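Reviewing the structure listed below.
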Amino acid sequence: MKYTEEEITAFFHALDRSRFMEQYKEEAEMDVPFPIGYGQTISQPSLVLEMTLHLDLQSDSRVLEVGTGSGFQTALLAKFAEEVFTVERIGALHEQAKDRLKAEGFSNIHFHYGDGHLGWEEHAPYDRIMVTAAAREVPPALIHQLARMGKMVIPIGDSSNQELRLIEKDEAGVIHTSFIEHVRFVRLKKEKE
Ligand code: SAH
């Protein structure tokens with residue numbers, strides 16, 4: 001089953017972003033990114049919604065998310081997919097998002113502390129992959145872990161110039177790439193903290 005844009009948008013508007021922020025709670029409704037500590041940011045809500053819609057979730061999708069951060073995007077994915085496997089490289093953010101999303105009542109989210117360049121091999125393949133930090137090029141492990149007929153949304157580029165791309169793997173395993181728009185995300189880093 002496929003959810004409609006209206007269903008996803010309605011849940012998104014009902015999701016209280018301040019519950020995913022420790023600071024700037026008063027400003028949570030503004031459509032801007034905010035710092036969440038450790039040099040990271042919670043994305044602006046309109047972009048989170050847009051990226052989710054591009055991912056074209058199905059109710060039986062198994063989704064890999066790279067860059068758990070605040071967990072706000074994770075919640076949206078978990079509501080409209082079967083299982084979400086989310087990877088974060090900053091231990092404190094990983095722990096915080098885990099506590100928060102469990103308290104929100106989600107039971108279909110699996111948390112991993114590690115380097116998202118490597119994906120999460122153990123649970124692959126994934127029908128959908130959402131990356132919320134920019135890589136210089138699409139990490140080969142993510143291409144590998146994407147299922148046939150799968151889709152990935154990922155920002156690619158350096159710190160000043162990034163393209164949001166939709167990567168699709170067809171039935172034969174061939175990759176097709178399309179440009180969505182220019183964006184600005186924090187960089188996908190290699191080392192764990
Ligand atoms: N979507 C989230 C986070 C956006 S910021 C939100 O809206 O809150 C990007 C996140 O990616 C940060 O939490 C950062 O720590 C994480 N990150 C950066 N490099 C990573 C890597 N190599 N593997 C996994 N997560 C990474």
Side-chain angles (χ1 to χ4, degrees), residues 8 11-12 15-25 27-55 57 63-81 84-101 104 106 109-124 126 128-145 152-159 162 164 180 183-193:
I8 297 177
F11 176 77
F12 165 80
L15 191 60
D16 179 1
R17 191 183 181 222
S18 72
R19 295 208 302 266
F20 295 84
M21 296 162 60
E22 301 292 311
Q23 290 172 285
Y24 310 102
K25 281 179 179 280
E27 289 88 15
E29 294 206 358
M30 293 171 69
D31 193 26
V32 290
F34 284 107
I36 54 170
Y38 312 93
Q40 308 305 319
T41 52
I42 182 169
S43 305
Q44 72 265 37
S46 59
L47 183 57
V48 173
L49 176 63
E50 196 194 330
M51 288 171 71
T52 306
L53 294 174
H54 278 292
L55 205 57
L57 295 168
V63 183
L64 172 69
E65 179 190 35
V66 174
T68 317
S70 65
F72 180 72
Q73 169 80 80
T74 323
L76 198 55
L77 296 172
K79 173 73 183 177
F80 296 105
V84 177
F85 299 85
T86 186
V87 184
E88 170 60 53
R89 73 171 243 290
I90 296 179
L93 291 177
H94 157 79
E95 292 297 340
Q96 196 176 55
K98 189 154 71 172
D99 292 346
R100 205 174 260 163
L101 288 161
E104 293 287 320
F106 288 98
I109 306 175
H110 311 274
F111 299 85
H112 179 56
Y113 170 48
D115 178 7
H117 284 98
L118 307 175
W120 192 353
E121 178 70 43
E122 194 184 341
H123 303 285
Y126 301 99
R128 300 288 185 266
I129 300 181
M130 174 71 89
V131 184
T132 65
R136 225 169 252 294
E137 51 192 59
V138 185
L142 300 187
I143 296 273
H144 179 69
Q145 291 174 25
M152 167 169 22
V153 172
I154 181 168
I156 297 292
D158 58 29
S159 51
Q162 299 165 8
L164 189 64
I180 300 176
V183 286
R184 201 157 174 185
F185 277 87
V186 295
R187 302 297 313 285
L188 198 62
K189 294 197 177 163
K190 288 253 181 223
E191 68 286 0
K192 288 206 271 181
E193 282 171 24

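Only a predicted model underlies this, so the values are computations on that prediction, with no experimental measurement involved. Atoms within each ligand, like the ligands themselves, are counted from 1 in listed order. Count residues from 1 along the sequence.
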Does an N or O from K189, backbone or side chain, lie closer than 3.5 Å to an N or O of ligand 1?
yes
Check ligand 1 against [X] and write out every atom of the ligand that is under 4.0 Å from a heavy-atom position of the residue.
| X | answer |
| --- | --- |
| G114 | 23 (N), 24 (C) |
| D115 | 21 (C), 22 (N), 23 (N) |
| L93 | 13 (O) |
| T68 | 2 (C) |
| V87 | 24 (C), 25 (N) |
| V186 | 5 (S), 9 (C) |
| R187 | 18 (C), 19 (N) |

Aromatic ring pairing H110/F85, orientation class (parallel under 30°, perpendicular over 60°, tilted between):
parallel
Heavy-atom contacts under 4.0 Å between T132 and ligand 1: side chain, backbone, both, or neither?
both
Counting only heavy atoms closer than 4.0 Å, does ligand 1 sit against the backbone of T74, its side chain, both, or neither?
neither
Sub-3.5 Å donor-acceptor pair from the side chain of Q40 to the main-chain atoms of Y38, do we have one?
yes
Any P33 heavy atom less than 4.0 Å from ligand 1
no
For E88 and T68, does a side-chain donor sit closer than 3.5 Å to a side-chain acceptor?
no
For the residue pair Q73 / T52, report whether a side-chain donor-acceptor contact shorter than 3.5 Å exists.
yes
What's the shortest heavy-atom distance between A75 and F20, and which atoms?
CB-CZ, 3.9 Å
Side chains of residues 43-50: which donor-acceptor pairs under 3.5 Å do they make with residues two or more places apart or in other chains?
unit_1	atom_1	unit_2	atom_2	d
S46	OG	D31	OD1	3.2
S46	OG	D31	OD2	2.7

List the residues meeting side chain to side chain contact (heavy atoms under 4.5 Å, CB included) with R187, not counting sequence neighbours, and say none if there are none.
A134, R136, S159, Q162
Can you figure out which of E88, M130, R17 has its heavy atom closest to atom 13 (O) of ligand 1?
E88
